[in-house]
Asker: 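Next up is a structure, given as structure tokens.
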Amino acid sequence: MSSILNDGKLPAGFKSPFTRVPMEGTHDDQLACIATLTGKSLANVKAAAHLLGLPANGPFWVDDAMVQKLLWNLSDLMASDWIELTSRPQLPDVAILCVDFNPETEIGRHVVHHNVKGLAGVQPFGYVIDVGNWVDPKRQITTDTSGLKLSPSWYREISRRPGTGTKAK
């Protein structure tokens with residue numbers, strides 16, 4: 001993920017297994033990441049979140065337990081606890097990455113990260129799917145992370161639940 005491919009474009013012939021689902025509000029970035037990872041609509045993820053206890057109206061925070069419950073109920077995926085990002089090579093194959101963290105407010109936003117390995121004729125690379133609804137289309141799915149503040153940063157490894165298959169997409 002350290003080098004930028006083709007001005008941030010994904011390599012020719014590569015199609016992401018994930019379809020970007022943009023956030024709609026100001027606090028639904030993790031829900032949009034879950035929608036992107038599970039192939040569900042944001043409306044479906046929000047409906048499931050409401051059934052699992054997230055308020056339908058008013059302020060809300062998508063906590064660790066809600067992320068786990070949503071992935072469990074909507075897919076065969078699971079998420080680790082937050083892990084501090086100390087170097088980009090440590091990122092797993094698939095992750096929800098907390099970026100643009102503000103130490104004063106202790107708030108960041110979330111994107112999906114995907115490391116791709118073993119494509120014929122293409123060096124391994126990583127890219128992000130930025131679910132921000134204000135993000136320029138050129139930066140929505142990109143190998144160029146120069147516009148993201150990655151220090152400090154944390155990630156959740158996304159993997160398949162044991163007994164349900166192999167690694168995440």
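For this chain, numbers begin at 1 and follow the sequence in order.
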Asker: So, the side chain of N115 versus the backbone of L91: is there a donor-acceptor pair under 3.5 Å, distance only?
Answerer: yes

Asker: So that I know where these two stand, are F18 and H114 an aromatic pair - ring centroids less than 6.0 Å apart?
Answerer: yes

Asker: Could you tell me whether the side chain of V99 reaches within less than 4.5 Å of the side chain of R109, counting heavy atoms only?
Answerer: yes

Asker: Between S153 and L97, is there a side-chain heavy-atom distance shorter than 4.5 Å?
Answerer: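 A side-chain contact under 4.5 Å exists here.
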
Asker: Give a yes or no answer on whether the side chain of D76 reaches the backbone of R161 with a donor-acceptor pair at less than 3.5 Å.
Answerer: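 No, the answer is negative, given that no donor and acceptor are paired below the 3.5 Å cut-off.
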
Asker: Do H113 and I96 come close enough that some side-chain heavy atom pair is under 4.5 Å?
Answerer: no

Asker: What heavy-atom pair brings L52 and K69 nearest, and what distance separates the two atoms?
Answerer: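 So the two residues come closest at O-NZ, 3.7 Å.
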
Asker: Give me the atom names and distance for the closest heavy-atom approach of G147 to D100.
Answerer: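 In this case the closest contact between G147 and D100 is O-OD1, 4.3 Å.
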
Asker: Would F101 end up clustered with V112 when hydrophobic side chains under 4.5 Å apart are linked, directly or stepwise?
Answerer: yes

Asker: Are there over 12 heavy-atom neighbours, none belonging to H50, within less than 6.0 Å of that residue's NE2?
Answerer: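 Counting neighbours around NE2 of H50, more than 12 heavy atoms of other residues, nucleotides or ligands fall under 6.0 Å, so yes.
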
Asker: Crowded around K149 NZ? As in, over 12 foreign heavy atoms under 6.0 Å?
Answerer: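 It does: K149 NZ has more than 12 such atoms within range.
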
Asker: What closest approach, in Å, do P162 and M78 show between heavy atoms, and which atom pair accounts for it?
Answerer: CD-SD, 3.8 Å

Asker: Roughly how far, to the nearest 0.5 Å, is the CG atom of L150 from the SG atom of C98?
Answerer: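 That separation rounds to 10.0 Å.
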
Asker: Could you pull out all residues at least two apart from N133 that satisfy side-chain hydrogen bond (donor to acceptor under 3.5 Å, both in side chains)?
Answerer: none

Asker: Answer yes or no: is there a side-chain heavy-atom contact under 4.5 Å between D64 and R156?
Answerer: yes

Asker: Assess the side chains of D144 and T142: does a donor N or O sit below 3.5 Å from an acceptor N or O?
Answerer: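 Looking only at side-chain atoms, T142 and D144 do not form any donor-acceptor pair under 3.5 Å.
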
Asker: Could you report the tightest heavy-atom contact between I34 and V67, atom names first, then the distance?
Answerer: CD1-CA, 4.1 Å

Asker: Any heavy-atom pair between the side chains of I129 and V111 that's under 4.5 Å?
Answerer: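 Not touching, per the 4.5 Å side-chain cut-off.
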
Asker: Please name all residues satisfying ring-ring contact (aromatic ring centres under 6.0 Å, His included) with F14, sequence neighbours left out, ordered by chain then number.
Answerer: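 Only F125, Y127 meet the ring-ring contact (aromatic ring centres under 6.0 Å, His included) criterion with F14.
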
Asker: Which distance, rounded to the nearest 0.5 Å, do you find between the CE of M23 and the CG of D28?
Answerer: 5.0 Å

Asker: What distance separates T38 OG1 from I158 CD1, expressed to the nearest 0.5 Å?
Answerer: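 That separation rounds to 10.5 Å.
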
Asker: So Q90 and Y155, side chain to side chain donor-acceptor pair (under 3.5 Å) or not? Walk me through it.
Answerer: CA-CA 10 Å; Q90 93 184 70; Y155 67 91; 3.2 Å; yes

Asker: Taking the side chain as every heavy atom from C-beta outward, state whether V131 and T36 have any pair of such atoms under 4.5 Å apart.
Answerer: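 Answer yes - side chains close enough.
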
Asker: Only counting residues at least two apart or in another chain, list the ones meeting ring-ring contact (aromatic ring centres under 6.0 Å, His included) with W82.
Answerer: H110

Asker: If you round to the nearest 0.5 Å, how far is CG of L54 from CG of L31?
Answerer: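 L31 atom CG to L54 atom CG measures 6.5 Å (nearest 0.5 Å).
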
Asker: Mind checking whether V128 and Q140 have side chains closer than 4.5 Å, heavy atoms only?
Answerer: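 Of all side-chain heavy-atom pairs linking Q140 with V128, none is under 4.5 Å.
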
Asker: Report the distance from atom CG of D63 to atom CD of Q68, rounding to the nearest 0.5 Å.
Answerer: 10.5 Å

Asker: CG/D81 to CH2/W154 distance, rounded to the nearest 0.5 angstrom?
Answerer: 14.5 Å

Asker: Do you know the tightest heavy-atom contact between D93 and K117?
Answerer: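 For D93 and K117, the tightest heavy-atom pair comes out as OD1-NZ, 3.0 Å.
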
Asker: How close do D130 and G132 get, heavy atom to heavy atom, and via which atoms?
Answerer: OD1-N, 3.0 Å

Asker: So, does T145 use its side chain to make a donor-acceptor pair with the main chain of L148 at under 3.5 Å?
Answerer: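 No, T145 side chain to L148 backbone: no donor-acceptor pair under 3.5 Å.
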
Asker: Taking the side chain as C-beta and beyond, is there a heavy-atom pair between L37 and L74 under 4.5 Å?
Answerer: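 No, every pair of side-chain atoms sits at 4.5 Å or beyond.
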
